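Bear in mind the structure is a predicted one, so any value in this text is a computation, not a measurement. Order of appearance sets the numbers: ligands from 1, and atoms from 1 within every ligand.
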Amino acid sequence: LIFNPSKKISMVTIDDVVRHALERGFFFPTAEIYGGLAGAYEYGPMGVRLLEGIVNERRKRFVFTVDFPVYEIHGSPLLPRAVFEASGHLEKFNDPMVQCKSCKSVYRADKLIEEKLGIDAEGLSLEEIGKIIKENDIRCPRCGGELSEPRRFNLMFKTYVGPVIDESSEAYLRPETAQNIFIAFRRVVNVFGGSLPFAIAQRGEAYRNEISPRRFLIRLRVFRQMEVELFTAPEQVREFSPLERFYDRKLRVLRKEGKEEEARVRDLRGKIPDTILYYAALESELFEAIGIDPNKIRFREIPEHARPHYSSFNLDAEVELSFGRVEVAGNAYRTDYDLKRHAEHAGISMEANYGNKRIVPHVTEPSIGIERLIYAILEHNLEDDGRGRKVLRLKPSVAPYDVAVFPLVKKLRPKALEIRRMLSESGLRVRYRDKGKIGKMYAWADMIGIPLAVTVDYDTLKDGTVTIRDRDTREQERVHIRDLADRIREILKNNRS
Ligand SMILES: [Zn+2]
């Protein structure tokens, strides 16, 4: 048997990913013992570590940058009604829905049209949607029944704060983390000075009452975002000097005229705002660092009718998956829309320093959906040899552990435990196991994506050496225990790029 790790032996489907994620402890259905909660998943122990890896890699690039100051906040997911009146979400954050007149199933109307007719229906008016459904005789996919007229459904979860239920106590779970940043803007400026450009970053849960959550981690009601709001002067959006270090980076871009090209950032300038290119470049760097297949990343300029209500330019990052392309990040030029709206509604000024002037800044926002990235990582890195042997080729940066430690036989347990303790105390994330034959233990480590395994055998007792086995090449090398932690670090570091 010749094993070729570079060759994908059989195509991984969404069902394979779901099964693997559940069986290997990456995710659990929320409230599983009560039949689940549609659109929500719990992170299992392996998922939590994968999440941590993504968050760290993103912070390195989007927060700990020296290009300009980035202030990180962590805000409340529950916000008063006034915030969403000002932001426009109460009025505009809705999707068109239709209901089956016989079985009462509900559907998101634009997605239903897209699935049935293969056309882009996002942003169509209710009249247009109703007309398309009638003209094409689109019926309930479940029972063939007639569908209702489409109507708007607001996607925010509403609740009340305190015991009195009226409009003054109305509150909403945030549908995006961004609003916390806009309402914190003035205090950040007051405390930290706020000379443009600067950014505020946040990561956290967001909630959307999706009409039909589906496809595992792809369309959820409870999900996590990593967002940055970059505040600049309006002219800096088109002329942003921190972009210079990315001039030679290549991006695959689909312009709104429908032309897909791979182009250097310097050649995309003028067609796409500098600040948007800056974050697209950072995203492409991040996605590669966490193990998304670089050949499956594309940036798409969103036509005006499909853009969010606050955006005047959108370049979304899309990843190719087994069932089609999915948006994993949205880069929006929000102009001064949000700050102006909050200034008006709250009756305060929302200004920052630019030279010796005070101005309302313009905002560029990269917004990354964490669960979609995780799904893409799992699908792009899960390999199946067709005989049930699965390997999850996670990059060390997002793997749940750095190294596994196994004794060849149970008798060697005390020595193996001693080595585990030593590696753990050196700061490595170690998983120990002594169940079954060594081949089975390797297979187990491969399935949860641990990049390296250390095996303790009889020679270890004689000469103090152990074997390091590489998940991807299956090569083994003999190392003395005193050099072990350093050698592991060295291998992991070389695999990180
Ligand atoms: Zn029906």
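- The Zn ion (ligand 1) has Cys100 SG, Cys103 SG, Cys140 SG, Cys143 SG as protein N, O or S atoms under 2.8 Å away.
- Partners of Glu170 by salt bridge (charged side-chain N to carboxylate O under 4.0 Å, His left out), not counting sequence neighbours, listed by chain and number: Arg81, Lys158.
- Between Glu320 and Lys296 no salt bridge is recorded (no basic side-chain N to carboxylate O distance below 4.0 Å).
- Screening residues 119-171 for ring pair (Phe, Tyr, Trp, His ring centres under 6.0 Å) gives no qualifying pairs among residues at least two apart or on separate chains.
- A distance-only check finds a donor-acceptor pair linking the side chain of Asn180 to the backbone of Ser76 [under 3.5 Å].
- Residues satisfying the side chain to side chain donor-acceptor pair (under 3.5 Å) criterion with Glu260, sequence neighbours excluded, are Arg298.
- Contact check on Arg215 versus Glu379 returns no salt bridge, with no Lys/Arg side-chain nitrogen under 4.0 Å from an Asp/Glu carboxylate oxygen.
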